[in-house]
**Student:** 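Provided herewith is a single structure, encoded as structure tokens, for subsequent inquiry.
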Amino acid sequence: MTDPLALSVLGATALTEGIKFLYGQATELLRRRRERRDEAALEVEPAEVPELDGELRLPLRADGAVLERVEPDLKELRRKLQDYADGVEEVASDDRDLLESADAVRRLLEAVYGQRITFRGERRAASGPVVEGEIDVDVVAGYAAAVRARAVTGGATVRASVRANEVAEGAEVIGVDVDRIGG
């Protein structure tokens with residue numbers, strides 16, 4: 001579970017830049033979605049990236065199916081950041097509603113891009129690609145892997161969780177099955 005108040009540790013300038021970044025990413029993503037509704041994946045190159053802890057893999061690739069599910073919420077939350085991003089309202093690190101809205105936009109963008117977005121100074125996992133898989137079954141009768149990948153290059157976080165009540169004779173259940181890690 002993320003803590004929306006994690007953003008409160010940022011100084012006023014960093015928080016303002018972070019909010020501008022999140023607002024800009026949401027705006028550009030929604031604009032591209034409107035223009036290219038038929039595309040399964042959209043690429044977005046951020047205009048300006050604030051100081052992050054870690055690195056985003058660019059260009060950002062949006063998962064169209066995830067974006068379709070979260071689009072209404074992203075639109076609504078983006079509007080809540082507009083006056084702060086435009087400089088009409090002053091950003092304050094103790095404004096709980098602002099912090100919660102900014103964190104919610106961030107979490108939606110993270111889901112769409114499959115990457116964590118962490119600003120320098122926050123106490124959370126570093127920015128970058130995230131691969132997560134989960135298996136929760138009663139019986140495994142064949143082969144099951146929560147995450148199966150040919151290669152995981154530097155900077156990616158991989159998490160897997162497996163729960164199986166029974167693994168049949170000759171069956172195999174694996175959390176992470178990777179052919180190669182690193183470049």
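Throughout, residue positions are numbered sequentially from 1 according to the sequence presented.
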**Student:** Should we say atom CD of Glu90 is surrounded by more than 12 heavy atoms from elsewhere, each under 6.0 Å from it?
**Tutor:**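 Open: at most 12 neighbouring heavy atoms sit under 6.0 Å from CD of Glu90.
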
**Student:** Rounded at 0.5 Å granularity, tell me how far CD in Glu48 sits from CZ in Phe21.
**Tutor:**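 Here the interatomic distance stands at 10.0 Å.
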
**Student:** When you compare the side chain of Leu60 with that of Gln25, does any pair of heavy atoms fall below 4.5 Å?
**Tutor:**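 Side chain of Gln25 against side chain of Leu60, heavy atoms only: contact under 4.5 Å found.
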
**Student:** Treating Gln115 as the side-chain partner and Arg57 as the backbone partner, does any N or O pair qualify as donor plus acceptor under 3.5 Å?
**Tutor:**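 The answer is yes, because a donor-acceptor pair under 3.5 Å joins these two groups.
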
**Student:** Does Tyr84 reach the side chain of Leu22, with side-chain heavy atoms less than 4.5 Å apart?
**Tutor:**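 In short, these two side chains do not touch, never coming nearer than 4.5 Å.
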
**Student:** Starting at CG of Leu98, measure out to NZ of Lys80 and round the result to the nearest 0.5 Å.
**Tutor:**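 Reported value, rounded in 0.5 Å steps: 11.0 Å.
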
**Student:** So, the side chain of Thr118 versus the backbone of Ala125: is there a donor-acceptor pair under 3.5 Å, distance only?
**Tutor:**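 Yes: the side chain of Thr118 pairs with the backbone of Ala125.
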
**Student:** Ignoring hydrogens, what is the shortest heavy-atom contact between Ala126 and Gly54? Give both atom names and the distance.
**Tutor:**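 That would be CB-CA, 4.1 Å.
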
**Student:** Nearest 0.5 Å please: distance from the CG atom of Asp63 over to the CD atom of Glu68.
**Tutor:**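 Rounded to the nearest 0.5 Å, the CG-CD separation comes to 10.5 Å.
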
**Student:** Out of curiosity, Glu28 CD to Leu30 CG, how far, rounded to the nearest 0.5 Å?
**Tutor:**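 The distance works out to 9.5 Å.
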
**Student:** Do Leu56 and Tyr113 sit in one hydrophobic cluster, given that two such residues count as connected whenever their side-chain heavy atoms are within less than 4.5 Å of each other, even indirectly?
**Tutor:**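 Same cluster.
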
**Student:** Give me the other members of the hydrophobic cluster that Val162 sits in, counting Ile, Leu, Val, Met, Phe, Trp and Tyr linked by side-chain heavy atoms under 4.5 Å, directly or via other members.
**Tutor:**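 Once heavy-atom contacts under 4.5 Å are chained together, Val162 belongs with Ile135, Val137, Val140, Val167, Val173.
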
**Student:** Under the rule for salt bridge (Lys or Arg N to Asp or Glu O under 4.0 Å), what residues qualify as partners of Arg79, not counting sequence neighbours?
**Tutor:**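 By the salt bridge (Lys or Arg N to Asp or Glu O under 4.0 Å) rule, Arg79 matches no residue at all.
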
**Student:** Less than 4.0 Å between a side-chain N and a carboxylate O, is that true for Arg148 and Glu172?
**Tutor:**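 Result for this pair is no, no salt bridge flagged.
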
**Student:** Where do Ala141 and Ala168 come nearest, in terms of heavy atoms and distance?
**Tutor:**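 Looking at all heavy atoms of both residues, the closest pair is CA-CB, 4.1 Å.
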
**Student:** Excluding sequence neighbours, so at least two apart, what forms salt bridge (Lys or Arg N to Asp or Glu O under 4.0 Å) with Asp136?
**Tutor:**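 Here the qualifying residues are Arg163.
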
**Student:** Taking C-beta and beyond as the side chain, do Leu7 and Ile19 meet within less than 4.5 Å on heavy atoms?
**Tutor:**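 They are not in contact (no side-chain heavy atoms under 4.5 Å apart), so the answer is no.
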
**Student:** Would you mind checking if Arg107 and Glu110 are paired as a salt bridge, meaning a charged N to carboxylate O distance below 4.0 Å?
**Tutor:**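 Judged by the 4.0 Å cut-off on N to carboxylate O distance, Glu110 and Arg107 do not form a salt bridge.
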
**Student:** Below 4.0 angstrom, N of the basic side chain to O of the carboxylate: do Lys75 and Glu71 qualify?
**Tutor:**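 So Lys75 pairs with Glu71 through a salt bridge.
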
**Student:** Whether Glu122 and Arg116 form a salt bridge (side-chain N of Lys/Arg under 4.0 Å from carboxylate O of Asp/Glu) is what I want to check.
**Tutor:**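 Looking at Glu122 together with Arg116, the answer is no, because their closest N to O distance does not fall below 4.0 Å.
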
**Student:** Do Asp53 and Phe119 make a side-chain contact, defined as non-hydrogen atoms from C-beta onward lying under 4.5 Å apart?
**Tutor:**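 Sidechains of Phe119 and Asp53: no contact.
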
**Student:** For the hydrophobic clusters of this structure (ILVMFWY residues joined by side-chain heavy atoms under 4.5 Å, transitively), does one cluster hold both Val66 and Ile117?
**Tutor:**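 Yes, it is one cluster - the side chains of Val66 and Ile117 are joined through contacts under 4.5 Å.
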
**Student:** Name all residues meeting the salt bridge (Lys or Arg N to Asp or Glu O under 4.0 Å) criterion together with Glu51; count only those two or more places apart in sequence or in a different chain, and write none if there are none.
**Tutor:**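 Glu51: salt bridge (Lys or Arg N to Asp or Glu O under 4.0 Å) contacts with Arg120.
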
**Student:** Using the side-chain contact (heavy atoms from CB on, under 4.5 Å) criterion, which residues pair with Ala92? Sequence neighbours excluded.
**Tutor:**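 For Ala92, the residues satisfying side-chain contact (heavy atoms from CB on, under 4.5 Å) (neighbours in sequence not counted) are Asp94, Asp95.
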
**Student:** Between Leu77 and Ala104, what is the shortest heavy-atom contact and its length?
**Tutor:**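 Minimum heavy-atom contact is CD1-CB, 3.6 Å.
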
**Student:** Nearest 0.5 Å, please: how far is CG in Leu109 from CZ in Arg78?
**Tutor:**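 Rounded to the nearest 0.5 Å, the CZ-CG separation comes to 11.5 Å.
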
**Student:** Rounded at 0.5 Å granularity, tell me how far CG in Leu58 sits from CD in Glu43.
**Tutor:**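 Separation between the atoms: 10.5 Å.
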
**Student:** Minimum heavy-atom separation for Ala146 to Ser161, with atom names?
**Tutor:**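 Taking Ala146 first and Ser161 second, the nearest heavy atoms are CB-O, 3.9 Å.
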
**Student:** By side-chain contact (heavy atoms from CB on, under 4.5 Å), which residues pair with Glu169, not counting sequence neighbours?
**Tutor:**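 side-chain contact (heavy atoms from CB on, under 4.5 Å) check on Glu169 returns nothing, list empty.
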
**Student:** Can you see which heavy atom on Ser93 is nearest to which on Leu15, and at what distance?
**Tutor:**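 Nearest pair, atom of Ser93 first, then Leu15: CA-CD2, 3.7 Å.
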
**Student:** Taking side chain as C-beta onward, heavy atoms only, is Val105 less than 4.5 Å from Leu74?
**Tutor:**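 Yes, close enough: below the 4.5 Å cut-off.
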
**Student:** Quick one: closest heavy-atom pair of Ala14 and Leu10, and the distance?
**Tutor:**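 Distance-wise, the nearest heavy atoms are CB-CB, 4.1 Å.
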
